[in-house]
Amino acid sequence: MPVVTQVDTHCPYCALQCGMRLSPTTRQGGGPVRVAARDFPANQGGLCQKGWTSASLLDTQGRLTTPLLRRRRGAPLSPVSWDEALDFVADRLRELRADHGDDAVAVFGSGGLSNEKAYLLGKFARVALGTSQIDYNGRFCMSSAAAAATRAFGIDRGLPFPVTDLADAEAVLLVGANVAETMPPFVRHLGRAARAGGLIVIDPRRSATAELASLHLQPAPGTDVALALGMLHIALAEGHIDRDYLAARVTGFDEAWHAAARWWPQRAMRVTGVPVADMRSAVRLLAAADGAYVLTGRGTEQHADGVNAVSAWINLSLALGLPGTMGSGFGCLTGQGNGQGGREHGQKADQLPGYRRITDPAARAHVAGVWGVEPDSLPGPGRSAYELLDALGTDGGPRGLVVFGSNPVMSAPNTGHVADRLGALDLLVVADFVASETAALADVVFPVAQWAEEDGTTTNLDGRVLLRRKAIPAPDGVRGDLDVLNALAVRLGQPASRFPTSQEAAFAELGMASAGGPADYSGISHARLRAGEALHWPVPDAAHPGTPRLFLDAFAHPDGKARMAAVDHNGPAEEPDARYPLWATTGRVLQHYQTGAQTRRVPELAAAVPEAFVEVHPDTAARANVSDGDLAVVASRRGEVRARVRCTPSMRRDTVFVPIHFPDAQRANLITNPALDPVSRMPEFKTCAARLAPWPDLPEGR
Amino acid sequence: MNTHVVIVGYGMAGARLAEEIRARDPDAAAVRITIIGAERHLAYNRVLLPHIVEGELSRADAALHGAGWARENRVELLLGTTVRAVDRAGNRVLLDDGRTVGYDRLVLATGSTPWLPPIEGLRDGAALAEGVAVLHDLDDCPRIAAVAERGEPVAVLGGGVLGLESASALAERGTQVTVVHRSDRLMDRQLDGPAGAVLADALTDAGVGVLLGCQVRRYRPGTGLELANGTVVPARLVVVATGVRPAVSLAAAAGIAVEHGVVVDDLLRTDDPAVHAIGDCAQHDGVSSGLVGPAWEQASVLADLLTGADPAARYRGSAPVTALKARGIDLVALGETHTEPSDPVAEVLRLADPARRRYVKLVVRNERVTGAIMIGFPAGAATVAQLYGTPNAAPAEPLDLLAGATAPASGPVLHRQASSVICRCNTVTKGELVTAWQAGARSVDALREATRAGSGCGGCRDTVCALADALARAEPAAAAATADWAEIEGVAA
Ligand SMILES: Cc1cc2nc3c(=O)[nH]c(=O)nc-3n(C[C@H](O)[C@H](O)[C@H](O)COP(=O)(O)OP(=O)(O)OC[C@H]3O[C@@H](n4cnc5c(N)ncnc54)[C@H](O)[C@@H]3O)c2cc1C
Ligand code: SF4
């Protein structure tokens, strides 16, 4: 078969957004699509197995190609026409709003949606539905990092410098970030640090990334704040504090130090289990390096004190004088493909496009002006993701839910409870391209286009806006998300022009709505991106070259200074006891992405890691009467997950690890703790008290 | 109506209690706080005093509160003020300046006071004699540092934790310092004999003179400590570190039950339910720990009770860990450290490596670590300290603790099995690479084309390269036998 066209685009999965080239093999785009790696700064010609195999999603077995409708609870989902499905949904939405008020309908979005979709989804909620009840799965991902970075620097852009800057650094500290599995080509940027003996990894597990490190600190889960405070203490005691930088560029050091003064290294050792000598080495490596970065990931962020944890790492970086300098810095590693853009354009309960606060009158006036509505007609802030899911079908909670690009029945903590809440809804609508676990519960499913079937922008981990290109047409029967939003909005009485169906027009409107906000996209257009320009936001006008590096002159607070937050260690939200003596922690494996709804459908990936497993130290396994290869159950105070035992001598004896990608009884989130961070509302995914037992002897008395 | 809580003592326990109360009751809706502290300083971290002597930290660096703390936290703070007496009948305390302060609940957090042995020359009436110091308050630091500054010799009387930390700090500054200890074992409360010996050697290496089993006859100002055997240990300054006693005089004078310390129950109440005691001055279940960890746990429980945040909160004792803060010496001791191998029930394991200044003792009872000493094993010390007090069991092989949390990872790639993954990014196994090589992919690039190994992070490139080299050199053997790894390895090596 002749190769018809080649399309340069980006991977559908994670925030590295590796450059790839797709080669459809027929004019119609049918048949296999070939994937090749492309030389692009973020991936430098590398791809991981997820990227290489991504095209097989395009003709995956379970691809949805017709709308599905369940007329009654208990009835099966059956194929219907688009008009019938759209009419049904619009009628039910109208009824729910008429009977129970605007907030009776909620919307749940995703960090996997393009900027255009995220933007219009937020607008749809606020304008067409008039509901305050919108949030998205990024709450489970980036919210702690975002809140801490905003508090410290005034702006949250995951990496406020191009990812390629890391390559020149002699020391890189990765905290709770397993890049060797989650975004392998990223490791290409760590070469100098690794060779210089300056690659430091903090992770309760000896992860693939930790195995690359020169120094691995392996704290007990949930003790990150104590570790960061102990390291700040050492930095001061050993004279590594950059006093000139602090005086010129930072406020709040004294208060932050008063907290760290309580964490002399031996006390931090007692709580974390990290040797004092290793804390000292880590601090010295960072302080002495020619170029040093501190980067955080979900491991340190997904806690009920996740914002404090990130603040503690920011404090350490500021004390060493790293952020906002050329060749050094602080950043957090965004996870989802559009985790950055997805948090900027108004699908978060408290935000409007351009990373504006929904409570800010000026922001409301600006966005309402772009949308052609009255500022007062915009709802206020709504519930955060878990609180929203928790309220579904309750008195005063939403009775209808519209989900785009998310699989919350898998991704939310304490997910057994979330499934119950979804079951209590009057109406559940899901737009997806495969029959995800959440779609299977829905009353109506809209089959929508996927990544290579339409254009759309994403914003990658270093704030660069990228254009993903259409390579093949969507299968018959499938529509784009923008078409679905437009069709619903029109049925709900909105003018069609208010919900553009062209990606390019949607992006142009997004630019206007973001103009003047922290994440200003107004100078970016599809045309500039097509021309290959490398544009990092903010880009305030069409001639602006973009902003690859933020903060070199000043931080984004009015006084130009970064702010240290005085944070102390509180520890995990629940304690182990004799019944649940272990810590369970959760995470990803290389072969799967998020809840696995996509990657489990790729045969090569499913074959590599077909089922849930629990990594456990052989001693701990023996004590629980399970052996390598056995099925076991990991139980917490909320539920239990089934997983196959993998005896792993590098595990801490008090910790078991379960990946998050598998469905049904293998859902890791059946056990996780929904305790929320008071600021970011991030749930405590990474630490819960647990026990291990043989399957199928379910632990009694629960 | 909120409860007026009066805290006597603005040290580590008293200050912490106020913070814990305000964390639960930020608007002072439930509790009004008055703190009365004898020292003139804002709260500071007493534990850091040796580091101030050492010069590593400044006095300001030990601060726990800033100037605005009391105001911002709605705390009435009386600095430099001593409580002279408690009038329990009148629910009030009498201050040294003649004022009185009424209370609903009184919390004694008066800490401890250094105990001086009855040795001639240490005292001048009630005060310390010229040339004699203790290290207990912030104001003690400059005196000690000044002598060290002048390069004059110092003796430290007492080889417990505090004495050794002080001596180590002074040695670190270059001071000629000698520890004079009565027992023949350093840190005799925490260590057994062999551990004490290893520690003495380690300290000697660090430049600290150590004299054990010494009876001190008198201190001769300006000259030194005269021992019973006639020797004189030269010292322009003697730092006395022979232990502390709970500061109980206020409570005792008020008729509150006092043994070694002020006796409290699980609600941290004295025998007067309106009066509590926490920290060094308190004695719970027979124990006055003299450590800050228990003091802070008590502060947390008492704050739960006083604010009503958790009326069921109880203090049930602590599992304290002693970690020596001496540069270059990693020492942790916890739990029952004096149990001997002759114990009929416990498993007691000892390993001494005096040449390398290392020593381990582990006491395991019912699969739990109930006692440990670790000297010279930083990773093991951290692991056992963190394990202690948790519900988790000791490793099946207790000696595994020495390696730290976990054992090191796998060995060199050529020792791995055919099923082991070489390229993690693309899940390519050693066996698949060999198959590709045999099918004609004879270079690293060709292997990447064929298997994708090395096309992700690029991290396995060197490994793939080594494998290709080994295969090339093993050509005849490899062509014959498919993946006989021992053989290929033999050829490669
Ligand atoms: C040099 C040094 C190093 C140490 N290192 C460690 C260590 O590494 N780890 C550890 O766990 N512990 C250590 N400790 C012990 C630890 O400091 C104490 O356990 C802790 O300070 C106890 O707190 P507290 O509030 O009970 O007593 P303190 O901190 O002693 O505070 C008591 C306060 O009450 C005041 N006070 C007393 N009577 C009155 C009165 N009548 N009126 C008003 N105010 C009064 C005193 O002036 C003092 O400020 C160390 C102690 C010292 C001295
Ligand atoms: S999943 Fe991430 S690392 Fe892997 S190819 Fe895609 S963008 Fe690159």
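Not measured: the values here are computed from a predicted model. Below, chain A is the first sequence line, B the second, and so on; all start at residue 1.
Looking at Leu387(B), there are no atoms closer than 4.5 Å to chain A (heavy atoms on both sides), in backbone or side chain. The parts of Val321(B) that come within reach of chain A are both its backbone and its side chain, each placing non-hydrogen atoms under 4.5 angstrom from that chain. Heavy atoms closer than 4.5 Å to chain A are found nowhere in Trp69(B), neither backbone nor side chain. Ala67(B) does not touch chain A: none of its heavy atoms, backbone or side chain, sits under 4.5 Å away. For Leu48(B), the part lying under 4.5 angstrom from a heavy atom of chain A is the side chain only. Interface remark: Arg327(B) contributes side-chain atoms only to the contact with chain A (heavy atom separation under 4.5 Å). Heavy atoms of Tyr44(B) lying under 4.5 Å from chain A are absent altogether. If you measure heavy-atom distances from Glu54(B) to chain A, you find no contacts under 4.5 Å at all.
Counting only distance, with no hydrogens or angles, the side chain of Asp619(A) and the backbone of Ala396(B) share a donor-acceptor pair below 3.5 Å.
In terms of non-hydrogen atom pairs under 4.5 Å with chain A, the most contact-rich of Gly380(B), Ala381(B), Ala63(B) is Ala63(B). When Cys48(A), Ala578(A), Ala237(A), Ala261(A) are compared by the number of non-hydrogen pairs under 4.5 Å with chain B, Ala237(A) comes out ahead. By number of non-hydrogen pairs under 4.5 angstrom with chain B, the leading residue of Arg267(A), Arg188(A), Met269(A) is Arg188(A). The candidate with the highest count of non-hydrogen atom pairs below 4.5 Å against chain B, out of Ala208(A), Ala260(A), Ala37(A), is Ala208(A). In terms of non-hydrogen atom pairs under 4.5 Å with chain A, the most contact-rich of Val292(B), Val332(B), Asn45(B), Leu64(B) is Leu64(B). Contacts with chain B were tallied for Phe186(A), Trp257(A), Trp264(A); Trp264(A) has the most, counting heavy-atom pairs under 4.5 Å. With chain B as the partner, the residue from Glu604(A), His189(A), Arg262(A) showing the most heavy-atom pairs under 4.5 Å is Arg262(A). Between chain B and the options Leu236(A), Val179(A), Leu190(A), heavy-atom pairs under 4.5 Å are most frequent for Leu236(A).
Of the candidates Asn392(B), Leu401(B), Asp400(B), Arg653(A) forms a side-chain contact (heavy atoms from CB on, under 4.5 Å) with just one, namely Asp400(B).
To the nearest 0.5 Å, atom CD of residue Gln266(A) and atom CG of residue Leu331(B) are 10.5 Å apart. Interatomic distance, Glu56(B) CD to Ile234(A) CD1, rounded to the nearest 0.5 Å: 9.5 Å. Here CG of Asn43(A) is found 10.5 Å from OG of Ser455(B). Values are rounded to the nearest 0.5 Å.
Atom CD of Glu449(B) has 12 or fewer neighbouring heavy atoms from other residues, nucleotides or ligands inside a 6.0 Å radius. Residue Arg461(B) qualifies as open at atom CZ: its count of foreign heavy atoms under 6.0 Å is 12 or below.
The two residues Arg16(B) and Asp568(A) have their closest heavy-atom pair at NH1-OD2, 4.2 Å. Of all the heavy atoms in Pro275(A) and Pro378(B), the pair that sits closest is CB-O, 3.6 Å. Across all their heavy atoms, Gln386(B) and Ala220(A) have their closest contact at NE2-CB, 3.3 Å.
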